[in-house]
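Throughout, protein chains are lettered first and strands after them, A, B, ... in sequence-line order, and every chain is numbered starting at 1.
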Amino acid sequence: MGLRVRFAPSPTGALHIGSVRTTLYNYFLARQSQGTLILRIEDTDQERLVAGAIDSIYEGLHWFGVGWDEGPREGGPRAPYVQSERLPLYQKGAQELVDTGAAYFCFCSKDRLEQMRAAQRARGEITRYDRHCRDIPSADAAERAKVEPDHVIRLKVPEDGTIAIDDLVYGHIEWPLSTIEDQILLKSDGFPTYQLAVVIDDHLMGIDPVIRGEDWLPSTPKHLLVYRAFGWDVPPHAHVPNVLGPDGKKLSKRHGATEVDEFRREGYLPEAMVNFLALIGWSPGTEEEVFSIDDLIQRFRIDQVQKAGGKWDRDRLNYFNGLWIRRLSDDDLCARLEPFLPPGWDRKLVRAVVPLIKERMTTLVEASELIAFLFTDTVEQDPALLIPKKREALDVITALSRVTVLLRFVQPFAAAAIEQAISAVATELGWTLRDLTIAIRAAVTGRKVGPPLYGSIELLGKDRTLARLEAAQERLEP
RNA sequence: GGCCCGGUCGCCUAGCGGUCUAGGGCGCUUCCCUUUCAAGGAAGAGGUCAUGGGUUCGAAUCCCAUCCGGGCUACCA
């Protein structure tokens, strides 16, 4: 096979999670076919450029484990891979279309276009270019173009007929040409519009198939017309459905986090994100749903992609995140936790407690909160937590003091022996183990819930445990 | 408004004319396990397959209409 596919983001902001999904699909196909993945930067809109956007794309994609073969920083046989560095190609192409009569110079000012649209709206008409410059004799137009630098080049869309594509996911789609406007191909600043640049680049870079978001579907007929005007073959196209917000609209900032980096900082695993994202709009047709990136490379099929948009579901993402955290080795989990831990914490202790909290986390940020009690000298002890329901403060003092006494003699200070001592106290006092551990947990960790008690106590160490138990007794003193 | 796309439990989805009294997962509820919380196990609630017409012996699956939703409609991508 050896497919040549690409992803072509605009450097107009941080890497968006929706475009990651599309990129992933391209990546799966490239790898499974032992083909080529190309990164192309579409920076033809000079006004919307955002500094650092390309860095964000590189960092984000690398975090996901997505690598590519040709791109601005890695070079390649079809370089350059940044559209602003390919201007002569587009200008030459546009001129060629003018020469063959498939495109024409347009000298309408932005003001005129605005007025035109306003008038059309006032009359209740469709707002569309009125083809004012379409019929200027080509010799005259060429002359004017020399002296009026502000001109653009527009596509001369045939008056009637239809144009169609057989999309790999949406199937056969047809458009009446009468509904398509004379799209600008080359802007007055000499930059191409997307409509011209994609076609030229996809053709020159040998892209096959073109995989992109569903929102490009409506402009596909324009692209087809450009291919036709150049006399080029149209590569197979696959449009993939949009990722939607909970309200059914295209996922955007107002729905919450959408940038890759935000999820990284919130403690999400790339494995979980990939798994979750791949399953929005794609299913292998079986009941399996836990997939590594390598599984996906193997299993993904473009013809299994759905047509309907899929909503972003935080709960489901969280589920996958917890699942992938549990699948990590303890050492690996420790390494991933590193950026989320205070620098002063003893890493050996962290490593020791990781097995206790592994299945209690849905995101990486939760770890430090779960184990903070191990890294402080004292802990805040809330009497309300210290005293189990239907128990008296005095009874709790007695119980804790018994625990303190027995624990003092536990040697070595290990979970199993600690458990024995504590349950001995429960039996002796006629307490339920449940009530006793509630009090002890509150005394030792300051919290109501947490990692397994006996293991926690072992890691805390005898001295600190006894100190906290004694402090709790004083705290309850009338 | 115009063009195009879509519509299966709250959410992600399986389904491609009969095996569907519509399956799985998330979330939710209950139970088990249990030192808490999780994790794990079990069970359950939840869908007139948007609606209405066809076609057919038979339709979630094919056709048409309607409704609803979305995308696009820039010298943005």
Side-chain angles (χ1 to χ4, degrees), chain A residues 8-12 42-45 47-48 106 108-110 113-114 117 120-121 124-129 150-154 167 170-171 173-176 178-181 183-189 191-195 197-198 212-221 239 241-242 244 246-250 276 279-290 304 306-320 322-323 326 356-362 370 419 422-423 426 432-438 440-442 445 447-456:
Chain A
S10 293
T12 51
E42 311 219 315
D43 60 343
T44 56
D45 185 349
E47 287 172 17
R48 294 205 310 156
C106 171
C108 296
S109 67
K110 289 181 185 177
L113 294 176
E114 230 164 83
R117 275 189 284 264
Q120 288 170 336
R121 260 191 297 272
E125 293 173 4
I126 303 164
T127 56
R128 195 161 38 144
Y129 181 55
D150 264 358
H151 66 271
V152 301
I153 292 178
R154 284 183 185 271
D167 189 89
Y170 285 92
I173 305 173
E174 239 178 64
W175 294 266
S178 60
T179 64
I180 297 164
E181 92 171 322
Q183 174 70 41
I184 290 176
L185 299 177
L186 199 70
K187 302 186 258 188
S188 58
D189 62 359
F191 277 71
T193 58
Y194 174 87
Q195 326 297 350
V198 247
R212 64 186 6 170
E214 180 196 355
D215 33 352
W216 289 113
L217 208 43
S219 43
T220 302
H239 288 88
N242 283 145
L244 277 19
D247 60 356
K249 296 200 167 62
K250 218 165 58 159
F276 167 70
L279 259 20
I280 299 179
W282 173 80
S283 152
T286 66
E287 286 175 358
E288 303 154 272
E289 63 168 13
V290 179
Q304 288 171 325
Q306 268 220 245
K307 296 188 181 84
K311 287 177 185 153
W312 177 268
D313 178 4
R314 234 345 142 122
D315 283 336
R316 191 163 153 87
L317 205 215
N318 287 337
Y319 161 73
F320 278 115
L323 186 151
R326 274 171 257 130
L356 301 186
I357 57 170
K358 196 173 180 176
E359 53 195 34
R360 267 159 261 261
M361 283 188 278
T362 70
L370 243 26
E419 174 174 12
I422 290 174
S423 49
T432 59
L433 194 54
R434 185 188 178 89
D435 276 357
L436 224 210
T437 56
I438 285 175
I440 299 173
R441 182 185 302 281
T445 72
R447 317 186 87 235
K448 202 166 142 191
V449 299
L453 224 210
Y454 312 131
S456 297

Does [X] reach a base, just sugar-phosphate, or nothing at all? Heavy atoms under 4.0 Å.
X      : value
A:Y194 : base
A:K110 : base
A:P452 : base

Euclidean distance for [atom1], [N] against [M] (whole angstrom):
N     : M     : atom1 : result
B:A22 : B:G47 : P     : 12 Å
B:U34 : B:G24 : P     : 28 Å
B:G46 : B:G25 : C1'   : 14 Å
B:G41 : B:G54 : C1'   : 49 Å
B:U8  : B:U13 : P     : 10 Å
B:U21 : B:U29 : P     : 32 Å
B:U19 : B:C64 : P     : 25 Å
B:C11 : B:A50 : P     : 13 Å

[X] side-chain proximity, nearest of [options]:
X      : options            : value
A:R154 : B:C26, B:C75, B:C3 : B:C75
A:E181 : B:U73, B:C4, B:C5  : B:U73
A:Q195 : B:C4, B:U13, B:A77 : B:A77
A:D315 : B:G24, B:G27, B:C3 : B:G27
A:E42  : B:C5, B:A77, B:G27 : B:A77

For [N], the Watson-Crick or wobble partner whose two distances fall under 3.5 Å:
N     : value
B:U21 : none
B:C33 : none
B:U51 : B:A65
B:C16 : none
B:C72 : B:G2

Next on the checklist: Quick check on RNA chain B: between A:F320 and A:T179, whose nearest nucleotide comes earlier from the 5' end?
Outcome noted: A:T179

Checklist entry - Hey, which of these two, A:G248 or A:R434, hits RNA chain B nearer its 5' end, going by closest nucleotide? => result A:R434

Interatomic distance, [X] [atom1] vs [N] [atom2] [rounded to whole Å]:
X      : N     : atom1 : atom2 : answer
A:Q304 : B:A14 : CD    : P     : 9 Å
A:K250 : B:A77 : NZ    : P     : 14 Å
A:Q183 : B:U73 : CD    : C1'   : 10 Å
A:Y170 : B:C3  : OH    : C1'   : 16 Å
A:E214 : B:C5  : CD    : P     : 11 Å
A:L113 : B:U73 : CG    : C1'   : 15 Å
A:N318 : B:C37 : CG    : P     : 20 Å

It should be established whether [X] places a side-chain nitrogen or oxygen under 4.0 Å from OP1 or OP2 of nucleotide [N].
X      : N     : value
A:R117 : B:C75 : yes
A:K249 : B:G70 : yes
A:K448 : B:U36 : no
A:Q306 : B:U13 : yes
A:T193 : B:C76 : no
A:K358 : B:A38 : no
A:K187 : B:A77 : yes
A:Q120 : B:G2  : no

Checklist entry - Which heavy atom of A:K187 sits nearest a heavy atom of A:T44, and at what distance? => result NZ-O, 3.0 Å

Next on the checklist: So which atom in A:L217 and which in A:W175 form the shortest heavy-atom distance, rounded to 0.1 Å?
Outcome noted: O-CZ2, 3.5 Å

Checklist entry - Could you go step by step and tell me if A:R316 and A:I280 meet the side chain to side chain contact (heavy atoms under 4.5 Å, CB included) rule? => result CA-CA 11 Å; A:R316 191 163 153 87; A:I280 299 179; over 6 Å; no

Next on the checklist: A side-chain contact here means heavy atoms from C-beta on lying under 4.5 Å apart; do A:R212 and A:H239 qualify?
Outcome noted: yes

Checklist entry - Quick one: the side chain of A:R447 and the base of B:U36, do they pair up donor-acceptor inside 3.5 Å? => result no

Next on the checklist: I'd like to know if the side chain of A:T286 pairs up with that of A:E288 as donor and acceptor (distance under 3.5 Å, no hydrogens or angles considered).
Outcome noted: yes

Checklist entry - So does A:E174 have more than 12 non-hydrogen atoms from other groups sitting under 6.0 Å from CD? => result yes

Next on the checklist: Working to the nearest 0.5 angstrom, can you tell me the gap between A:I184 CD1 and A:C106 SG?
Outcome noted: 6.5 Å

Next on the checklist: Below 30° counts as parallel, above 60° as perpendicular, anything between as tilted: where do the rings of A:Y194 and A:W216 land?
Outcome noted: parallel

